[in-house]
Amino acid sequence: IYSLGILLYEMLAGQPPFDAKSLLSAGYEEMRRIIREEEPPKPSTRLTQTREEGGGSRGLELAPAQLKGELDWIVMKAIDKDRVRRYETANAFASDIERYLDDQPVEAAAPTASYRMRKFARRNRTPIVIATAMAGLLVAGSLVSLWQASEARAAEREAKDALGVAESRLGQVDKTNQVLTSVFEDLNPDSIQFQEKPLRAIMAENLEVAIQELDGDAVGDPAVTAVMQYRLAVALINLGESEKAIPLLEKAAATMRSSLRPDDLRLTECISWLAQALSGTGDHSRALAFFQEALRLREEHLGKDNLSTVISLFNVGKTYVELGKHEQAILTLEKADERSREAHAMTPGLAQKKLRQELLQTQGNIRMALALAYMDTGRLKEAIPLARQVVLGLDEAYVRANPSSINQLEHLGSMLVSNGEFEEGVEHLEKTAESLEKIFGEDHPASLHARLNLSSGYAIAGQIDEAIEQAK
């Protein structure tokens, strides 16, 4: 794990953690001591130092801001001096990198103050031992008996406390496992097909029960509970239950604000998902405030050209569209499009293929939102060609991997109907509704919304009977 961490460090920072010339000139024993005891700089810090010194870089040519936060944490966890704090397996290491690439919260985190204190004590063990011994000698003459009695009582208390803590932790771990596994209880494929409720509804009910189990201190650490609440809320949103997810995300965000560092990306993700849930229920005014907060945090901790930051800027622009603030929407979305092109140019090809795909998807979303803003301001001559350009970039494999991209087809269809191009517009709306029903089922809110849009398309085109049938 350590060796893999060193390789990833050099890929990102362009240099190894320790200067090779300094190690070689220090001699074998001093080299071993440096590697064992001295903490290397974070990759982002090392990259900044290298560039300030005018040195060359053999890495991926990333900006230091792109490494700050999660990438720094992942690498430093892999090369931690303490084996126990490293990833347990190479698979765990790879999974955390996958979570970063998927824009999900990672397991690695910044070191706590107590951990840094223990590291300081380990590096300065000899001076601390000497100081402790001298202090002990000063009081030993008069306090030996008292100290021995006190130590005996303390040892007895510590043993009882340790047993209590261990039993409590075991109970909390068991409770956590119960909460998570309860989501998948009663999901028997053979019996579900005979039930009146669809799988989506059963999953949503199970999630609600699991969420209720998280209330109180049964799971333990409030921060851990908040992260679990946030992740279960995201599952609710993906099941089309945004309204039920909102109070859970509000509670999780409040806990995270008081228990996590401001640069902890899990807090930013929670705030962003809360904004999306509010937007999904039509509360765009409140959603805008949270989208703007997520944008500020990401710009501060990840940099303006980071993909997550670009997505936050897009969310702000899209919400301006929903609120009818067209001038602000167009300015914001044009800025997001410009930043997405800059981020795309900075991203190596095959080295980060998945990231490039996410960038392309984000660019498509930005440009379609911009086309909608143009349409709302009567600029159809600009809106429709831009929307066509987005849809032409969607191939069948990409749509299967990214179901949300089907909405681009729906937007183009609505624009064409508004422009009087009924036949082609209705055709796109029909394909959207059929595709979403195939992916999510007929009762999912996204499918129902698409079917309602198709009904509106038929009505505008003058096909009233078909419009009524679709509405029914």
Side-chain angles (χ1 to χ4, degrees), residues 4-18 39-53 55 57-80 85-87 93 95-113 115-116 119 223 227 256-257 259-272 292-314 336 339-340 342-348 351-352 354-356 358-359 362:
L4 288 171
I6 295 295
L7 286 173
L8 181 57
Y9 188 111
E10 188 163 0
M11 285 174 64
L12 296 173
Q15 298 288 341
F18 299 104
E39 289 294 330
K42 294 178 291 187
S44 60
T45 305
R46 183 81 163 114
L47 181 57
T48 301
Q49 292 170 348
T50 301
R51 293 187 176 177
E52 288 176 352
E53 294 167 1
S57 174
R58 302 187 299 272
L60 296 175
E61 297 298 332
L62 300 174
Q66 292 178 274
L67 306 186
K68 287 183 180 179
E70 291 177 317
L71 281 177
D72 274 341
W73 300 344
I74 289 172
V75 173
M76 298 308 286
K77 180 177 178 69
I79 65 174
D80 200 288
R85 287 179 59 86
R86 295 177 200 158
Y87 293 101
F93 188 12
S95 296
D96 221 13
I97 295 173
E98 282 292 327
R99 278 189 287 274
Y100 169 78
L101 293 174
D102 289 338
D103 206 23
Q104 296 293 323
V106 300
E107 296 299 326
T112 62
Y115 176 68
R116 288 195 293 269
K119 296 291 284 186
V227 172
M256 288 182 181
R257 290 182 199 277
S259 58
L260 298 181
R261 291 162 51 100
D263 61 349
D264 193 312
L265 297 182
R266 290 174 295 183
L267 170 60
T268 311
E269 291 296 324
C270 183
I271 292 169
S272 184
Q292 289 172 328
E293 182 181 2
L295 173 61
R296 178 183 59 78
L297 289 170
R298 283 173 171 165
E299 285 183 337
E300 182 177 347
H301 300 299
L302 297 177
K304 292 185 177 181
D305 294 330
N306 182 274
L307 175 59
S308 295
T309 308
V310 173
I311 291 172
S312 284
L313 187 60
F314 156 67
R339 286 194 191 174
S340 73
E342 292 172 359
H344 191 277
M346 292 170 58
T347 306
Q352 297 191 32
K354 187 172 185 179
L355 182 57
R356 287 179 69 86
E358 291 177 6
L359 270 170
T362 301

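This is a predicted model, so every value here is computed, not measured.
- Contact between A78 and G5 at its shortest, heavy atoms only, is CB-CA, 3.7 Å.
- In terms of the ring-ring contact (aromatic ring centres under 6.0 Å, His included) criterion, Y100 has no residue partners (sequence neighbours excluded).
- Proximity of L47 to L12: side-chain heavy atoms (C-beta onward) are nowhere separated by under 4.5 Å.
- Side-chain contact check for P262 versus L267: every heavy-atom pair is 4.5 Å or farther apart.
- Between the side chain of T48 and the backbone N or O of S44, at least one donor-acceptor pair lies under 3.5 Å.
- Rounding to the nearest 0.5 angstrom, the gap separating the CZ atom in F314 from the CG atom in L295 is 13.0 Å.
- Summarising the geometry, atom CD belonging to Q49 is positioned 10.5 Å from atom CD belonging to Q15; distances are rounded to the nearest 0.5 Å.
- When side chains are defined from C-beta on, R266 does not count as touching R261, because their heavy atoms never get closer than 4.5 Å.
- A distance-only check finds no donor-acceptor pair linking the side chain of D263 to the backbone of H301 [under 3.5 Å].
- Nearest heavy-atom pair across S308 and L302 is CB-CD1, 4.1 Å.
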Original post:
Taking it one step at a time, do D96 and R99 satisfy salt bridge (charged side-chain N to carboxylate O under 4.0 Å, His left out)?
Top reply: CA-CA 5 Å; D96 221 13; R99 278 189 287 274; 3.1 Å; yes
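- Side chains of V227 and P105 form no contact here, defined as non-hydrogen atoms less than 4.5 Å apart.
- Interatomic distance, CD of Q104 versus CD of E98, reported as 11.5 Å (0.5 Å rounding).
- Taking each heavy atom of P43 and A13 in turn, the nearest pair found is O-CB, 3.6 Å.
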Subject >> Trace of the side-chain contact (heavy atoms from CB on, under 4.5 Å) decision for L4 with L8 >> reply: CA-CA 6 Å; L4 288 171; L8 181 57; over 6 Å; no
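- Distance alone, capped at 3.5 Å, places no donor-acceptor pair between the R46 side chain and the P41 backbone.
- Put simply, the residue from R298, M256, E293 that forms a side-chain contact (heavy atoms from CB on, under 4.5 Å) with T268 is R298.
- Minimum heavy-atom separation, D264 to W73: CA-CH2, 4.0 Å.
- Considering CG of L297 and CD of Q292, their distance stands at 12.0 Å, rounded to 0.5 Å.
- For the pair L313 and T309, the minimum side-chain heavy-atom distance is 4.5 Å or more.
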**OP:** Carefully, step by step, assess R257 and I271 under the rule side-chain contact (heavy atoms from CB on, under 4.5 Å).
**Re:** CA-CA 10 Å; R257 290 182 199 277; I271 292 169; 3.9 Å; yes
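- Within a 6.0 Å radius of NZ in K68, no more than 12 heavy atoms belonging to other residues, nucleotides or ligands are found.
- For the pair M76/P40, a side-chain contact is recorded, criterion being any heavy-atom separation below 4.5 Å from C-beta on.
- Taken to the nearest 0.5 Å, the CG atom of L7 stands 13.5 Å off from the OH atom of Y9.
- The closest side-chain heavy-atom distance from T45 to D72 is not below 4.5 Å.
- Using a 4.5 Å cut-off on side-chain heavy atoms (C-beta onward), I97 and F93 make contact.
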